[in-house]
2 protein chains.
Amino acid sequence: IVRTVSGVAIDKDQARVAILDIPDQPGVAGKIMQALADKHIVIDMIMQAFHPTSGLSSITFTVHQSDVKDTIATLSELKDKLGASEVLSDPDIAKVSIIGAGLAGQPGIAAIVFSTLGEAGINMKMISTSEMKLTVVVAKGDAEKAAKLIHKAFELDT
Amino acid sequence: IVRTVSGVAIDKDQARVAILDIPDQPGVAGKIMQALADKHIVIDMIMQAFHPTSGLSSITFTVHQSDVKDTIATLSELKDKLGASEVLSDPDIAKVSIIGAGLAGQPGIAAIVFSTLGEAGINMKMISTSEMKLTVVVAKGDAEKAAKLIHKAFELDT
Ligand SMILES: C[C@@H](O)[C@H](N)C(=O)O
Ligand SMILES: C[C@@H](O)[C@H](N)C(=O)O
């Protein structure tokens with residue numbers, strides 16, 4: 001099972017920005033993406049999860065740190081047009097990604113990663129997974145320690 | 001640019017479940033994952049985005065439809081222990097995934113996908129992206145139409 005995980009990567013160049021409580025209607029996300037694309041902002045991650053209120057949604061992006069100002073400006077412009085409640089941003093993030101084939105079929109892997117970081121007092125600000133990659137977002141200052149602990153938990157140095 | 005996108009896949013076997021307003025503290029996600037792993041529930045996607053309230057977080061999962069009852073039960077048990085506000089579930093989802101190398105560097109691709117669906121009146125319930133895959137979650141009844149429209153938008157049949 002430990003050989004399912006093949007490596008850990010760190011990306012400290014991103015920042016996260018979110019636009020909250022937008023109408024959960026067809027075309028809204030397209031409008032937002034087009035506005036960002038028009039400003040030539042390269043989007044790294046896009047996340048839209050379950051919103052507590054039916055009819056509303058929120059979208060979180062990660063962008064390169066050099067694009068944070070433009071991203072906040074673009075989303076803030078849209079905020080009024082869309083009736084969104086707010087635009088949030090946080091530059092203090094690092095993506096720690098665990099890469100491996102067939103991660104998806106193994107419920108225990110995320111449990112190991114999350115508990116390992118939890119026991120070390122490292123807080124996860126965001127989480128995003130796919131079949132090949134589990135990405136946790138922590139504060140920049142926690143990135144190296146998080147990667148080291150995960151390496152150790154999956155015996156990647158042996 | 002259109003050759004960056006190589007295929008579209010549909011997965012209609014998932015359901016989504018979320019636990020809302022949990023403490024944004026180290027160890028919390030680990031506790032949740034361990035409880036699910038103990039029940040042998042295979043988790044497909046895990047999403048934790050930007051929460052409007054500092055100190056709180058929400059986590060959304062997709063699980064196989066046959067695991068929805070157990071997932072809701074497990075999360076509901078944890079809900080009181082963690083002080084979470086609610087557990088939400090929605091069985092009417094299909095994952096439509098656009099696969100391609102180097103998706104991440106292309107801001108226009110998500111804009112094309114989201115606008116294409118938006119113009120057809122197809123609502124996106126969730127969105128999750130990585131460098132190699134863009135996954136949108138729509139109602140099961142919209143899946144085939146969404147995949148067809150995306151195929152057409154990226155000229156994948158030509
Ligand atoms: C919120 C946003 O994703 C909307 N549901 C759309 O489909 O564009
Ligand atoms: C909410 C949950 O992800 C928490 N921040 C943790 O690190 O476990």
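Chain letters run A, B, ... following the sequence lines, proteins first and then strands; every chain starts at 1. The model shown is predicted, which means the values in this text are computed figures rather than measured ones.
- Put simply, the side chain of A/S128 does not reach to within 4.5 Å of the side chain of B/S130, judged on heavy atoms.
- In this structure, the side chains of B/I46 and A/F114 come closer than 4.5 Å at one or more pairs of heavy atoms.
- Both the backbone and the side chain of A/D90 come within contact range of chain B, judged by heavy atoms closer than 4.5 Å.
- The cluster map of Ile, Leu, Val, Met, Phe, Trp and Tyr, joined by side-chain heavy atoms under 4.5 Å apart, puts B/I112 and B/V137 in different clusters.
- Only the side chain of A/T60 comes within less than 4.5 Å of a heavy atom in chain B; its backbone stays farther off.
- The heavy-atom pair separating B/E86 from A/P52 by the smallest distance is OE2-CB, 4.1 Å.
- Of the listed residues B/A18, B/G27, B/A29, the one with more heavy-atom pairs under 4.5 angstrom with chain A than any other is B/A29.
- In terms of heavy-atom pairs under 4.5 Å with chain A, the best-connected choice from B/H51, B/K31, B/Q25, B/E119 is B/Q25.
- In this structure, chain B has a heavy atom under 4.5 Å from the backbone of A/V17, while its side chain stays farther away.
- A/S54 does not touch chain B: none of its heavy atoms, backbone or side chain, sits under 4.5 Å away.
- Heavy atoms closer than 4.5 Å to chain B are found nowhere in A/K39, neither backbone nor side chain.
- Connection of B/I122 to B/I127 is established within a shared hydrophobic cluster, with ILVMFWY side chains joined at heavy-atom distances below 4.5 Å, either directly or through further cluster members.
- Taking hydrophobic clusters as Ile, Leu, Val, Met, Phe, Trp and Tyr residues chained together by side-chain heavy-atom distances below 4.5 Å, A/M124 shares a cluster with B/L78.
- The two atoms that bring A/P26 and B/G121 nearest to each other are CG-O, 3.5 Å, heavy atoms only.
- The shortest non-hydrogen separation linking B/Q48 to A/K125 is NE2-O, 3.2 Å.
- Between B/A111 and A/Q34 the shortest heavy-atom distance is CB-OE1, 3.4 Å.
- Considering every non-hydrogen atom in both B/L20 and A/F50, the closest pair reads CD2-O, 4.4 Å.
- Residues B/A49 and A/R16 come closest through the heavy atom pair O-NH1, 4.4 Å.
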